[in-house]
Amino acid sequence: MVVIVSAVLTVAQCRILDPQIAAWLLDPADNASCFQDLVTKHYGRPAEPPAQPLGPRKPLPQSSLVSSSLCLLYQLMTQGLWELFSSMELSMIPVLAAMESHRIHVDKEALKRTSEMLGVKLKQLEQEAHKAAGQQFLVSSSTQLRLVLFEKLRLQERCENRKLPKTMLKQQQSTSEAALLQLQDLHPLPKIILEYRQVHKMKSTFVDGILSCVKKTYISSTWNQTSAVSGRLSAKQPNFQALPRQPVQISKKQYVQGKDAELVTVHPRDMFIPREGWTFLAADFCQVELRLLAHLTSDPELLRLFLDPGPDVFTMLASQWKGVPEQQLEPEDREHAKRIVYSMVYGAGRERLSGILGVSAEQASQFVDSFLQRYKEVQSFIQRTVQLCQKQGYVVSIMGRRRSLPHIRSADWAVRNQAERQAVNFVVQGSAADLCKMAMIRIFSLVSSSSSLTARLLAQIHDELLFEVEDSQVEHFAALVKTTMESLQHIDSLGVHLKVPLKVAVSSGRAWGSMSELHLPPASPPPSP
DNA sequence: CTTATGTGA
DNA sequence: GCGATCACATAAG
Ligand SMILES: [Mg+2]
């Protein structure tokens with residue numbers, strides 16, 4: 001008891017000891033819906049017995065509040081989570097509070113115009129879909145689409161050589177993108193549906209959905225610290241972390257004869273703009289999870305990719321795989337290579353991978369084999385991680401974040417394999433989350449204690465921080481952010497010493513969708529006189 | 001492959 | 001009419 005009290009006093013000072021965060025660190029998978037559930041759950045001692053069946057709530061005595069809170073704090077200490085709790089997660093609270101208080105301005109009129117334009121386009125696509133199907137149907141209904149494609153047109157019978165995906169839970173014929181791509185040479189309808197889906201998503205979520213979150217001329221997301229099991233943050237209303245990276249081209253029908261169809265570019269990120277006199281500044285950890293994987297595996301080939309000076313890893317791989325020089329690659333090619341790499345290292349099966357690669361399942365498994373053959377230590381890291389998780393029931397990130405995975409000992413093959421992939425993914429994704437949070441805390445602290453810096457943190461997109469900076473301070477602040485983030489390769493106090501350097505790219509612009517990279521001199525920022 | 005949130009049926 | 005569930009989209013790695 002004395003130990004707990006002194007630890008609490010050392011850390012608390014005037015800060016809050018948030019029990020919800022404490023409970024989430026102990027078991028990130030468990031989402032206590034409210035404070036009372038939390039108290040009831042941790043009243044007895046460990047998190048195990050659901051003493052009260054978590055339903056209708058009885059009033060609890062004050063003593064149980066104190067008891068359950070102390071119990072949570074005690075468990076944090078015994079499980080080696082105290083440092084993470086006190087110096088990372090609690091320090092995030094004022095950072096997130098500041099982020100929520102900062103308004104992100106939007107071009108509301110442009111959003112309204114695109115909403116109308118997309119509405120017209122959707123009606124056209126709906127007509128085309130009905131014509132191609134030879135009947136009217138609700139294009140946005142996957143149930144109705146399944147009937148048209150597989151019962152009326154019976155397209156599955158005309159492509160028996162390649163196998164079509166099934167829906168996850170009910171094992172029906174899927175109408176997902178992967179399925180429609182397989183069907184698109186057999187009939188005009190799948191292609192129309194693919195475009196309809198793209199435009200519909202754009203309108204409903206990224207134009208109308210954003211508009212519904214706009215207050216006056218700005219938005220501000222709600223940031224959740226305890227909703228991701230990996231330690232990542234999440235954002236809602238709007239989900240600022242899921243806005244499309246690539247713009248979408250829409251062809252407008254031309255009513256003037258002899259003219260080509262007008263192409264309009266819709267880019268939701270361009271709707272977000274800084275205030276007059278200010279500039280957006282983004283700082284992005286380059287290939288953060290792959291660098292962490294290099295560190296965790298000590299794979300010589302993987303380490304070499306980051307220790308030797310060379311081109312961007314994903315660009316290099318895209319170039320090799322596509323057989324095209326790096327200068328001729330589109331941004332989509334790099335994104336594609338990135339998706340392939342992460343899918344492989346996190347254990348994608350050959351069917352899934354064949355969908356991503358656009359080749360047969362046999363070719364896909366050959367591709368994985370040759371990849372894992374080249375980076376041999378990745379496989380032994382996976383085995384090591386799984387074995388350790390089987391032994392102790394949980395895995396940990398580089399900063400001691402923990403995830404319990406009881407299913408790792410399941411007798412069911414599918415259940416156990418999923419837990420194994422989750423274990424491996426957690427170690428890497430959780431470690432990346434640790435680094436990104438440390439970066440936010442350090443930069444926030446620098447800005448808070450500076451008398452001149454006015455930069456405001458607007459958002460975190462997992463490995464990227466978005467700031468609004470006074471025009472005159474952009475270069476200076478960019479240098480400060482870059483060096484602060486890259487210095488996290490070594491954190492003495494936590495015993496973190498990464499075997500590879502961290503690389504941070506900074507960019508700035510007058511709209512979030514139109515940022516250009518800043519190339520700063522390699523030196524540190526000038527110390528103020 | 002993992003981690004999220006949003007929309008529509 | 002409301003909430004849960006499913007399928008499908010987007011993002012990040
Ligand atoms: Mg990045």
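Computation of the quantities below employed the complete heavy-atom set of this structure, encompassing side-chain atoms and omitting hydrogens, waters and symmetry-equivalent molecules. Just so it is clear: chains get the letters A, B, ... in the order the sequence lines come, proteins before strands, and each one is counted from 1.
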**Report entry** Nearest-neighbour nucleotide for the A/Val288 side chain, C/dA7, C/dA9, C/dG13 considered
**Finding:** C/dG13
Query raised in the report: Atom CZ of A/Arg197 to atom P of C/dA7: distance rounded to whole Å?
Result: 13 Å
Requested in this report: Please check if the distance between the ring centroids of A/Phe272 and A/Phe280 is under 6.0 Å.
Outcome: no
Report task. Look at all strands and tell whether A/Gln144 reaches a base, only sugar-phosphate, or nothing, counting heavy atoms closer than 4.0 Å. Result -> nothing
Requested in this report: With heavy atoms under 4.0 Å as the rule, sort A/Gln429 into base, sugar-phosphate or nothing.
Outcome: base
Requested in this report: Would you indicate what A/Val424 reaches in the nucleic acid, counting non-hydrogen atoms under 4.0 angstrom: base, sugar-phosphate, or nothing?
Outcome: nothing
Query raised in the report: Counting heavy atoms not belonging to A/Gln366, are there more than 12 under 6.0 Å from its CD?
Result: no
Query raised in the report: With a non-hydrogen cut-off below 4.0 angstrom, is A/Gln237 in contact with a base, only sugar-phosphate, or nothing?
Result: sugar-phosphate
Query raised in the report: OP1, OP2 of C/dC8 versus side-chain N and O of A/Thr167: anything below 4.0 Å?
Result: no
Query raised in the report: Which is the 5'-most and which the 3'-most nucleotide of DNA chain B that has an atom under 4.0 Å from a heavy atom of chain A?
Result: B/dC1 to B/dA9
Query - Test item: A/Lys437 side-chain N/O and A/Gly231 main-chain N/O as donor-acceptor pair under 3.5 Å - result: yes
Query - Sugar-phosphate only, base, or nothing, as touched by A/Glu177 at under 4.0 Å among non-hydrogen atoms - result: sugar-phosphate
Requested in this report: Return the orientation label for the A/Phe371 and A/Tyr375 ring planes: parallel under 30°, perpendicular over 60°, tilted otherwise.
Outcome: tilted
**Report entry** Between A/Tyr346 and A/Glu289, a side-chain donor and acceptor under 3.5 Å
**Finding:** yes
Query - Atom pair distance, as rounded to whole Å: CG in A/Leu243 and C1' in C/dA12 - result: 12 Å
Requested in this report: Could you tell me whether A/Arg269 contacts a base, only the sugar-phosphate backbone, or nothing, with contacts defined as non-hydrogen atoms closer than 4.0 Å?
Outcome: sugar-phosphate
Query raised in the report: Looking across every strand, which nucleic acid part, if any, lies under 4.0 Å from A/Ala228 by heavy atom: base, sugar-phosphate, or nothing?
Result: sugar-phosphate
Report summary line: A/Ile210 CD1 to C/dA11 C1', in whole Å, measures 12 Å
Query raised in the report: Any side-chain donor paired with an acceptor under 3.5 Å for A/Ser234 and A/Asn224?
Result: no
Requested in this report: Keeping the roles fixed (side chain from A/Ser365, backbone from A/Glu362), state whether a donor-acceptor pair exists under 3.5 Å.
Outcome: yes
Query raised in the report: So does A/His130 have more than 12 non-hydrogen atoms from other groups sitting under 6.0 Å from NE2?
Result: yes
Query raised in the report: Going by distance alone, is a donor N or O of one side chain under 3.5 Å from an acceptor N or O of the other, for A/Gln249 and A/Thr265?
Result: yes
**Report entry** Side-chain donor-acceptor pair present, A/Ser370, A/Gln373, cut-off under 3.5 Å
**Finding:** no
Report task. Indicate, with a heavy-atom threshold strictly under 4.0 Å, whether A/Arg403 touches base, sugar-phosphate, or nothing. Result -> sugar-phosphate
Report task. Whole angstrom is fine here: how far is it from CD in A/Glu335 over to C1' in C/dG13? Result -> 11 Å
Query raised in the report: Taking only side-chain nitrogens and oxygens of A/Arg339, does any of them come within less than 4.0 Å of OP1 or OP2 of C/dG13?
Result: no
**Report entry** Integer-rounded Å distance: C/dA11 C1' and A/Gln460 CD
**Finding:** 12 Å
Requested in this report: Nearest whole angstrom, please: distance from the C1' of C/dC8 to the CD of A/Gln172.
Outcome: 13 Å
Query raised in the report: Roughly, in whole Å, what's the span from CG in A/Asp284 to P in C/dA12?
Result: 9 Å
Query raised in the report: Can you tell me how far P of C/dA11 sits from CZ of A/Phe206, to the nearest Å?
Result: 6 Å
Requested in this report: Tell me what A/Lys201 touches on the nucleic acid: a base, only sugar-phosphate, or nothing, going by heavy atoms under 4.0 Å.
Outcome: base
Query raised in the report: Hey, does A/Ala433 reach any base, or is it just sugar-phosphate, or nothing, if we go heavy atoms under 4.0 Å?
Result: nothing
Query raised in the report: Heavy atoms under 4.0 Å, any strand shown: does A/Ser234 hit a base, just sugar-phosphate, or nothing?
Result: sugar-phosphate
Report task. Please check if any side-chain donor atom of A/Gln460 sits under 3.5 Å from a side-chain acceptor atom of A/Gln241, or the reverse. Result -> yes
Query raised in the report: In residues 380-390 of chain A, which residues come under 4.0 Å of DNA chain B by heavy atom?
Result: none
Report task. Test for a donor-acceptor pair under 3.5 Å between the base of C/dA12 and the side chain of A/Arg232, counting only N and O atoms. Result -> yes
Report summary line: Walking DNA chain B from its 5' end, the first of A/Lys236 and A/His462 to be reached, judged by nearest nucleotide, is A/His462
